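This is a predicted model, so every value here is computed, not measured. Values reported hereafter were calculated over all heavy atoms of this structure, with side chains retained and with hydrogens, waters and symmetry mates removed. Every chain is numbered from 1 and lettered A, B, ... according to where its sequence line falls, protein lines coming before strand lines.
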Amino acid sequence: MKIATWNLNSIRAREVRLLDWLSRAAPDVVCLQETKVTEEQFPFDAIKERGYHAAVYGQKTYNGVALLSRDSAEDVTVGFGDEVDDPQARCISALIQGIRFISVYVPNGENVDSEKYVYKQAWLSRLFKYLERVRTSATPLMISGDFNIAPHEDDVANIEQWSGTVLFNPEMTAVMKQLQDSGLHDVFRIHQKGVGLYSWWDYRQLGFPKNQGLRIDHILATPDLAGRTTTATVDRNERKGSKPSDHAPVIAELTWP
DNA sequence: ATGGTTGCTTAGCAA
């Protein structure tokens, strides 16, 4: 079973790239973020032609998440289902082949003095409560997406530039540690121990050619699944060529069922 | 310190 997570930075700007990549990479489940379209504008037909079901939580202009899958998705839910009235489409979940998949687009936060960072903190707090509710011992779980957090120094190319920012600071690395301590393992780091491995590179200042990136897109899995993963990679080819997203897909393979 | 890029929308926000 091949799983991927990819922040597309607009599914309209990336539709051809996404479709070509689906044919070439042939993932079984794809967690998408920043689709930036309402459900009415989502390219359901083209994706169906490539052999995928799509569960979509859309929003105009900003955010937007989706789950693509070879097999049908059951029990689809969107948002956290909590008491907060939140218009931002950042979380979708479904049961696929007996696994609870969640695609998340964690708020960026802009800067640590911003109201957007307050929202990021609150959103993450709601995510923990959501995970407590949705997790059951019987169902393996995989939560993937753009977390907008680099978990470790080794996940940041330029520490001087990024230390203390919303993407890499003690409070945010503690969030990743708390997720891991709750039994959600960082699948990429099970298989890749090296440095200089990133999933996002700024469009500006030759970020990608200079490999000035951060590893902020993650696949986290409960132990039953994490232990069955066989590979984890970043598909750097998707950051190359004409009109790439600023994120590359992160891919994991596992023996399932 | 500023600016550098992209997408959506059409001047300015978000990343």
Side-chain angles (χ1 to χ4, degrees), chain A residues 5-21 31-43 46-47 56-66 79 86-92 103-124 127 144-151 155-169 171-173 175-176 198-218 234-250:
Chain A
T5 181
W6 194 5
N7 179 322
L8 283 179
N9 187 21
S10 168
I11 198 167
R12 280 184 288 178
R14 231 66 64 196
E15 182 174 338
V16 173
R17 247 193 129 104
L18 171 65
L19 296 172
D20 289 350
W21 176 81
C31 302
L32 296 175
Q33 301 87 37
E34 280 209 271
T35 51
K36 295 189 173 181
V37 291
T38 59
E39 272 119 271
E40 290 72 32
Q41 297 171 301
F42 194 89
I47 283 167
V56 176
Y57 185 24
Q59 182 184 334
K60 181 178 157 65
T61 310
Y62 301 118
N63 309 315
V65 286
D86 187 347
Q88 300 195 31
R90 295 180 175 275
C91 177
I92 187 168
S103 176
V104 288
Y105 175 43
V106 176
N108 172 290
E110 190 179 28
N111 67 68
V112 292
D113 300 317
S114 166
E115 278 302 311
K116 297 195 189 100
Y117 186 63
V118 176
Y119 173 71
K120 181 181 196 176
Q121 293 169 309
W123 194 94
L124 287 164
L127 173 65
S144 311
D146 177 358
F147 283 76
N148 269 313
I149 302 170
D155 302 312
V156 182
N158 187 340
I159 289 292
E160 292 72 29
Q161 179 184 355
W162 290 102
S163 198
T165 70
V166 292
L167 300 184
F168 184 72
N169 67 55
E171 193 171 43
M172 289 295 113
T173 53
V175 165
M176 294 311 298
Y198 311 121
S199 65
W200 171 83
W201 301 260
D202 202 312
Y203 282 126
R204 298 166 287 187
Q205 302 194 270
L206 301 172
F208 185 68
K210 289 154 77 174
N211 197 29
Q212 291 283 316
L214 285 84
R215 194 175 69 89
I216 56 175
D217 300 87
H218 308 298
V234 174
D235 190 351
R236 291 175 53 94
N237 283 332
E238 283 308 316
R239 187 60 177 78
K240 301 176 183 173
S242 173
K243 291 277 178 186
S245 168
D246 45 354
H247 297 252
V250 178

Is the phosphate of [N], meaning OP1 or OP2, less than 4.0 Å from a side-chain N or O of [X]?
{"X": "S10(A)", "N": "dC8(B)", "value": "yes"}
{"X": "T61(A)", "N": "dG7(B)", "value": "no"}
{"X": "R204(A)", "N": "dA15(B)", "value": "no"}
{"X": "K243(A)", "N": "dT6(B)", "value": "no"}
{"X": "K116(A)", "N": "dC13(B)", "value": "no"}

Between [X] ([atom1]) and [N] ([atom2]), how many Å, whole number?
{"X": "D246(A)", "N": "dG7(B)", "atom1": "CG", "atom2": "C1'", "result": "10 Å"}
{"X": "R239(A)", "N": "dA15(B)", "atom1": "CZ", "atom2": "P", "result": "17 Å"}
{"X": "Y117(A)", "N": "dA14(B)", "atom1": "OH", "atom2": "P", "result": "18 Å"}
{"X": "N63(A)", "N": "dA15(B)", "atom1": "CG", "atom2": "C1'", "result": "11 Å"}
{"X": "F168(A)", "N": "dA15(B)", "atom1": "CZ", "atom2": "P", "result": "21 Å"}
{"X": "K36(A)", "N": "dA14(B)", "atom1": "NZ", "atom2": "C1'", "result": "7 Å"}

Between [M] and [N], how far apart are the [atom1] atoms? Round to whole Å, please.
{"N": "dT9(B)", "M": "dG3(B)", "atom1": "C1'", "answer": "23 Å"}
{"N": "dT10(B)", "M": "dG4(B)", "atom1": "P", "answer": "24 Å"}
{"N": "dA11(B)", "M": "dT6(B)", "atom1": "C1'", "answer": "16 Å"}

* To do: Name the orientation class of the two ring planes belonging to W200(A) and W162(A) (parallel below 30°, tilted from 30 to 60°, perpendicular beyond 60°).
  => perpendicular
* Asked: Less than 3.5 Å between a donor and an acceptor, one on the side chain of E34(A) and one on the base of dG7(B), is that the case here?
  -> no
* Asked: Are any of the side-chain heavy atoms of V104(A) and V65(A) separated by less than 4.5 Å?
  -> no
Distance-only check: which donor-acceptor pairs under 3.5 Å involve side-chain atoms of residues 207-214 of chain A, not counting sequence neighbours?
unit_1	atom_1	unit_2	atom_2	d
N211(A)	OD1	W201(A)	NE1	2.9
N211(A)	OD1	R236(A)	NH1	3.4
N211(A)	ND2	G196(A)	O	3.2

* Touch class at under 4.0 angstrom, heavy-atom based, for F208(A) against every strand present -> nothing
